[in-house]
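Structure provided below as structure tokens; questions to follow.
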Protein chains: 2
Amino acid sequence: MSKKDQITRERILNEAEALFATNGYDAVSVREITTAARCNLAAVNYHFGNKQKLYLEVFRARWVPRARRVQEYFRESLASRDILSTSAVAQALAEAFLKGPLSDDERQRQSQLMTRELIQPTEAFELLTEEVLRPFFKELADTLRPFMPEGLGNEGLALNILSMFSMVIYFNFARVVVSRITGRDYDAAFKDRLVEQIVEFSLNGLGGGEREGA
Amino acid sequence: MSKKDQITRERILNEAEALFATNGYDAVSVREITTAARCNLAAVNYHFGNKQKLYLEVFRARWVPRARRVQEYFRESLASRDILSTSAVAQALAEAFLKGPLSDDERQRQSQLMTRELIQPTEAFELLTEEVLRPFFKELADTLRPFMPEGLGNEGLALNILSMFSMVIYFNFARVVVSRITGRDYDAAFKDRLVEQIVEFSLNGLGGGEREGA
DNA sequence: GTCTATAGCAGGATAGAC
DNA sequence: GTCTATCCTGCTATAGAC
């Protein structure tokens with residue numbers, strides 16, 4: 001594989017990722033991708049075989065590595081703290097995903113691509129769950145386990161992690177709704193506010209309400 | 001509009017909804033829809049003008065009314081309780097969305113369609129936010145306001161509601177991940193478990209962890 | 001109101017020159 | 001490895017018979 005070859009290949013991957021994330025697999029044509037990548041129509045078939053394989057490669061070569069960077073950031077962020085606690089984990093998690101090492105565009109693409117796979121799983125879903133989600137969940141479970149109440153089983157722990165996760169995911173992918181409802185843009189200040197919210201809610205829930213149901 | 005006309009129209013709407021939800025707008029052809037609805041290719045143009053208008057009509061005639069049914073269920077469920085409390089609201093909310101008046105298929109379609117609009121808003125997004133989401137959020141805010149701590153501003157309240165909502169939405173649309181991680185199917189027992197989880201997490205967060213960060 | 005037939009165009013993929 | 005040219009299929013939309 002020559003140098004120039006890689007450059008074309010990389011350009012295709014970049015443009016394909018952006019277009020697939022924004023518009024979805026079926027709405028994007030190979031022509032659109034190759035035009036954006038300033039190369040020939042045939043280049044996709046030459047480098048990736050076909051459109052479907054290009055899509056999968058976007059996950060392998062772009063999505064998975066970026067997810068790993070976020071997880072690495074989370075790990076280091078946790079390691080740098082003196083005291084490990086539930087709130088430290090919640091904060092590191094929220095920061096890694098909402099601020100973290102990715103650019104705003106990367107973050108948006110990342111959650112668009114993942115959400116599309118959640119609504120309608122394809123081959124890429126396997127990659128995404130088995131290579132990224134499942135190991136990360138396992139890691140989170142091991143980290144949080146010591147801080148959980150005695151009686152809490154593995155399922156309870158898993159559901160707690162999923163609950164935290166749901167906020168992190170939602171505040172990323174449903175930006176357009178969150179902005180509408182709160183009237184705020186996703187600037188640095190608002191992201192800080194969201195991290196704070198996730199940590200606070202993860203620790204105390206709504207807080208202040210009665211603790212007994214009707 | 002004759003009786004038979006309505007029947008064809010309704011059949012098209014039903015099939016279109018299912019197909020758009022499962023496969024997304026661009027992946028579905030008018031041919032697929034009309035074949036599934038056992039009518040002619042031209043029927044979509046006759047009844048709805050074009051494909052895009054059919055898509056919008058799916059939201060107007062199917063999605064919005066169903067969302068209203070869920071909200072109505074929530075309202076009645078709350079009204080039937082003796083004591084209004086934070087946990088009562090959380091429970092009514094989780095039950096309305098995870099169990100509620102919709103069939104399992106309806107629920108799945110509903111969240112697929114909404115999530116697609118969140119990732120990539122079209123005209124339908126306006127309908128969805130202004131006619132359904134925003135009024136419901138306002139209602140929830142009014143209901144919860146009396147139970148919130150004194151100092152909590154409108155933004156804090158909005159974020160709390162969004163946090164609860166994120167769990168409800170996530171446990172609906174990310175079934176495939178939730179099932180993978182927990183190893184459980186979405187049967188009646190698991191849905192009860194999820195309602196319990198949402199209520200518990202909404203009230204106490206993770207619980208049991210230290211309350212002080214590092 | 002429902003159908004068939006077709007216009008008119010865009011899609012993925014490949015063959016073969018360079 | 002990159003290009004042009006092209007095949008073939010499938011799409012939306014409409015015209016016009018019934």
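What you are looking at is a predicted structure, and each value in this text was computed from that prediction instead of being measured. Chain A is the first sequence line, chain B the second, and so forth, proteins listed ahead of strands; every chain is numbered from 1. Heavy atoms only: backbone and side chains are in, while hydrogens, waters and symmetry mates are out.
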* Asked: Please, which pairs that meet salt bridge (Lys or Arg N to Asp or Glu O under 4.0 Å) have at least one residue in residues 86-98 of chain A, sequence neighbours excluded?
  -> A:Arg81-A:Glu95
* To do: To the nearest Å, give me how far apart CD1 (A:Ile12) and P (D:dT2) are.
  => 8 Å
* To do: Using atom CZ of B:Arg9 as one end and atom P of C:dT2 as the other, report the distance to the nearest whole Å.
  => 12 Å
Under 3.5 Å, sequence neighbours excluded: what are the donor-acceptor pairs made by side chains of residues 163-178 of chain B?
from     : atom 1 : to       : atom 2 : distance (Å)
B:Ser163 : OG     : A:Gln197 : NE2    : 2.9
B:Ser163 : OG     : B:Leu159 : O      : 2.8
B:Ser166 : OG     : B:Ser163 : O      : 2.6
B:Asn172 : ND2    : B:Phe97  : O      : 3.2
B:Arg175 : NE     : B:Asn172 : O      : 3.4
B:Arg175 : NH1    : B:Asp104 : OD2    : 3.3

* To do: Taking ring pair (Phe, Tyr, Trp, His ring centres under 6.0 Å) as the test, write out the residues that go with B:Tyr186, two or more places apart.
  => B:Phe190
* To do: Would you mind reading off the distance between A:Asp26 atom CG and D:dG10 atom P, rounded to a whole angstrom?
  => 15 Å
Could you give the side-chain donor-acceptor pairs of residues 55-63 of chain A under 3.5 Å, partners two or more places apart or in another chain?
from    : atom 1 : to       : atom 2 : distance (Å)
A:Tyr55 : OH     : A:Glu117 : OE2    : 2.6
A:Glu57 : OE1    : A:Arg60  : NE     : 3.3
A:Glu57 : OE2    : A:Arg9   : NH2    : 3.4
A:Arg62 : NE     : A:Asn14  : OD1    : 2.9
A:Arg62 : NH2    : A:Glu10  : OE1    : 2.9
A:Arg62 : NH2    : A:Asn14  : OD1    : 2.9
A:Trp63 : NE1    : A:Gln110 : O      : 3.0

* Salt-bridged, B:Glu106 to B:Arg109, with N to O below 4.0 Å? -> no
* Asked: Rounding to a whole Å, what distance do you find between A:Phe48:CZ and D:dG1:C1'?
  -> 13 Å
* To do: In whole angstrom, give the distance that lies between atom OH of B:Tyr46 and atom P of D:dA13.
  => 17 Å
* Tell me, which pairs form a side-chain hydrogen bond (donor to acceptor under 3.5 Å, both in side chains) where one or both residues lie in residues 126-135 of chain A, sequence neighbours left out? -> A:Glu126-B:Arg180, A:Glu130-A:Arg134, A:Glu130-B:Arg180
* Would you indicate, yes or no, if C:dT2 has its OP1 or OP2 atom less than 4.0 angstrom from a side-chain nitrogen or oxygen of B:Thr8? => yes
* To do: Using a 4.0 Å cut-off on protein heavy atoms (strictly under), produce a 5'-to-3' string for nucleotides 12-18 of chain C with B for base contact, S for backbone-only sugar-phosphate contact, and - for none.
  => BBB----
